[in-house]
Engineer: 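I'd like to ask some things about the structure below.
All chains are named by letter (A, B, ...) in the order of the sequence lines, taking the proteins before the strands, and each is independently numbered beginning at 1.
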Number of protein chains: 2
Amino acid sequence: MLIEIDFSSDEAIYQQLCNQIILGIATSRLTDGEVLPSVRQMADEIGINMHTVNKAYTILRQEGFVKVDRRRGAFVSVGDRNRERAIRLVEKDMRVILAEARCRGLSKQDMLALVDRIYDEYDGGIRTDDQ
Amino acid sequence: MLIEIDFSSDEAIYQQLCNQIILGIATSRLTDGEVLPSVRQMADEIGINMHTVNKAYTILRQEGFVKVDRRRGAFVSVGDRNRERAIRLVEKDMRVILAEARCRGLSKQDMLALVDRIYDEYDGGIRTDDQ
DNA sequence: CACCTGTTATAACATATATATAACAGGTGG
DNA sequence: CCACCTGTTATATATATGTTATAACAGGTG
């Protein structure tokens, strides 16, 4: 999967990496069990340091999106999860986003439509146009 | 409005401040035109530095949630906004959240229900229980 | 044994965050 | 005019975080 880093972004590189890999899993560009490039290889491809990639992998491992096999290296893992715990994890961030949306005058219907649209893109699989 | 800062959080203090004020506006605990505590007063109340509060106010001003009157100081401003621009601003963050939700096994219906529930809390006005 | 994997350690540097102290321009009220 | 409030700006300092660099280690592969 192609990783693109915005070096002028205020978002940390390791954070962008995490997000793009999670985005990749959600859009089926990365599938369960798929091997990820090694920390050194990924670092070379992107043009960043090995430790920055390692930090991203470590975080993804802690969050349960990646596992490590001594033999193969890091690979995607979307193991079964606790539904209520998942909702609790997502809920806090969602509250912040919805608060901002509501302050900007967006209605509940606006946000429901947005969620519906984005989720359809994910379920629809790989998109060929702009991200 | 009561502001509570988690000093052990990995989230920056000025960021927590911004989020809580936006949350406050969304939940009608802060209303349009309402005067905010001065940077010095707010800093004293919370127990942080004046500049940290000033940074939060500056960001909120840039995002259009706060305006400054030479005479009164800072006050809440939820002026009319461009709907499409608002959606565009919220969309990127929403993609990240929904990707994570989907990876954790949450369905579109789960997320629609979550949005529905949170938005109802906001529209319902002030809540007396937790958060 | 050479080569790959993730992991750890250490150092160095840049940037971000938070604090402290001070000053300034503009507005308010005595 | 004068004291007092407002946000704003400047400067310095301390700490935390992010990123890079170099090096080494244990474990697995061929």
Engineer: From the set D:dT9, D:dA21, C:dT7, return the single nucleotide nearest to any side-chain atom of A:V68.
Structural biologist: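 Closest nucleotide among those given: C:dT7.
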Engineer: How far apart are the closest heavy atoms of A:V39 and A:M50, and which atoms are they?
Structural biologist: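 So the minimum-distance heavy-atom pair works out to CG2-CG, 3.8 Å.
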Engineer: Taking any strand in view, what nucleotide pairs with C:dT17 in a Watson-Crick or G-U wobble way, both distances under 3.5 Å?
Structural biologist: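 Paired with D:dA14.
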Engineer: Go through the N and O atoms of the side chain of A:H51 and the base of D:dT22, and report whether any donor-acceptor pair is under 3.5 Å.
Structural biologist: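 Such a pair is found, so the answer is yes.
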Engineer: Which part of the nucleic acid, if any, lies within contact of A:N54, taking any heavy atom under 4.0 Å across all strands shown: a base, the sugar-phosphate backbone alone, or nothing?
Structural biologist: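 Counting heavy atoms under 4.0 Å across all strands, the contact made by A:N54 includes a base.
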Engineer: Give the nucleotide from the list C:dA18, D:dG27, D:dG7 with an atom nearest to the side chain of B:Y57.
Structural biologist: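 The nucleotide sitting nearest to the side chain is D:dG7.
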Engineer: Looking at the side chain of B:N49, which of C:dA23, C:dT19, D:dA26 is the nearest nucleotide?
Structural biologist: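 Nearest nucleotide to the side chain: C:dT19.
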Engineer: If I take atom CE in residue A:M42 and atom P in nucleotide C:dT7, what distance separates them, rounded to the nearest angstrom?
Structural biologist: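 Value for this atom pair: 14 Å.
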Engineer: Need the pair for D:dG27. Rule: Watson-Crick or G-U wobble, both distances under 3.5 Å, any strand; none if unpaired.
Structural biologist: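 With both distances under 3.5 Å, D:dG27 matches C:dC4.
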Engineer: Going by atom types alone, do B:N19 and A:E100 pair a side-chain donor with an acceptor below 3.5 Å?
Structural biologist: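 Note: B:N19 and A:E100 side chains miss the donor-acceptor criterion.
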Engineer: So, is A:T52 close to the D:dT20 phosphate, meaning a side-chain N or O under 4.0 Å from OP1 or OP2?
Structural biologist: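 Yes, within the criterion.
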Engineer: From D:dT6, D:dT20, D:dG18, pick the nucleotide closest to the side chain of A:K55?
Structural biologist: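 Among D:dT6, D:dT20, D:dG18, the one nearest the side chain of A:K55 is D:dG18.
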Engineer: What is the distance, to the nearest angstrom, from the CD1 atom on A:I13 to the P atom on C:dA16?
Structural biologist: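 Distance, rounded to whole Å: 12 Å.
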Engineer: Tell me whether the OP1 or OP2 atom of C:dT17 has a side-chain N or O from B:Y14 closer than 4.0 Å.
Structural biologist: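 Answer yes for this pair, as a side-chain N or O of B:Y14 is under 4.0 Å from OP1 or OP2.
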Engineer: Check whether more than 12 heavy atoms from other residues, nucleotides or ligands sit under 6.0 Å from atom CD of A:E84, and answer yes or no.
Structural biologist: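 It does not: A:E84 CD has 12 such atoms or fewer within range.
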Engineer: Nearest-Å distance, CD1 (B:I59) to P (D:dT8)?
Structural biologist: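 Result: 13 Å.
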Engineer: From the options D:dG7, C:dT8, D:dT29, select the nucleotide whose nearest atom is closest to the side chain of B:A74.
Structural biologist: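 The closest nucleotide is D:dG7.
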Engineer: Nearest 0.5 angstrom please: A:L23 CG to A:R29 CZ, how far?
Structural biologist: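 It comes to 6.0 Å.
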Engineer: So which one's nearest nucleotide on DNA chain C is more toward 5', B:G47 or A:P37?
Structural biologist: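 By nearest-heavy-atom nucleotide position, the 5'-most residue is A:P37.
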Engineer: Take the protein atom CD of B:Q41 and the nucleotide atom C1' of D:dC4, then report the distance between them rounded to whole Å.
Structural biologist: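 Computing the B:Q41:CD to D:dC4:C1' distance gives 14 Å.
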Engineer: Count the heavy atoms belonging to other residues, nucleotides or ligands that lie under 6.0 Å from CD of A:E4, then report whether that count exceeds 12.
Structural biologist: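 Check fails, neighbour count at 12 or below.
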Engineer: Give a yes-or-no answer on whether the side chains of A:T52 and A:N49 include a donor-acceptor pair shorter than 3.5 Å.
Structural biologist: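 No pair is found: no donor N or O on one side chain lies under 3.5 Å from an acceptor on the other.
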Engineer: Could you tell me if B:R72 sits above the aromatic ring of B:F75, with its cationic atom closer than 6.0 Å to the ring centre and no more than 45 degrees from the axis?
Structural biologist: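 Yes - B:R72 lies over the ring of B:F75, closer than 6.0 Å to its centre and within 45° of its axis.
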Engineer: If I take atom CE in residue B:M50 and atom P in nucleotide D:dC5, what distance separates them, rounded to the nearest angstrom?
Structural biologist: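 Rounded to the whole Å, the gap is 14 Å.
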Engineer: I'd like to know if B:R71 reaches the base of C:dG26 with its side chain such that a donor and an acceptor end up less than 3.5 angstrom apart.
Structural biologist: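 Checked by distance alone, the answer is no.
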Engineer: May I have the distance from A:D69 (atom CG) to C:dT5 (atom C1'), rounded to whole angstrom?
Structural biologist: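 From A:D69 CG to C:dT5 C1': 10 Å.
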Engineer: Does the side chain of B:S38 get closer than 4.0 angstrom to OP1 or OP2 of D:dT6 through an N or O atom?
Structural biologist: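 Answer is yes, contact under 4.0 Å.
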Engineer: The side chain of B:R70 is closest to which nucleotide in this list: C:dG26, C:dG6, D:dT29?
Structural biologist: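 When the side chain of B:R70 is considered, C:dG26 is the closest of C:dG26, C:dG6, D:dT29.
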Engineer: Atom CZ of B:F75 to atom P of D:dT6: distance rounded to whole Å?
Structural biologist: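 That distance rounds to 16 Å.
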Engineer: When we call it a touch if two heavy atoms are under 4.0 Å apart, what does B:R72 touch: a base, just sugar-phosphate, or nothing?
Structural biologist: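 Nothing: the residue B:R72, judged by heavy atoms under 4.0 Å, touches no strand.
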Engineer: Would you indicate, yes or no, if D:dT8 has its OP1 or OP2 atom less than 4.0 angstrom from a side-chain nitrogen or oxygen of B:R61?
Structural biologist: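 Checking B:R61 against D:dT8: at least one side-chain N or O falls below 4.0 Å of OP1 or OP2.
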Engineer: In whole angstrom, give the distance that lies between atom CD of B:E11 and atom C1' of C:dT17.
Structural biologist: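 One finds 13 Å between C1' of C:dT17 and CD of B:E11, rounded.
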Engineer: Look at the side chain of A:A12 and decide which nucleotide, out of C:dT28, D:dG18, D:dT9, has an atom nearest to it.
Structural biologist: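 Given the options C:dT28, D:dG18, D:dT9, the side chain of A:A12 is closest to D:dG18.
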Engineer: Quick one: does A:R40 reach the base of C:dT7 with a side-chain donor-acceptor pair under 3.5 Å?
Structural biologist: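 A donor-acceptor contact between them is present.
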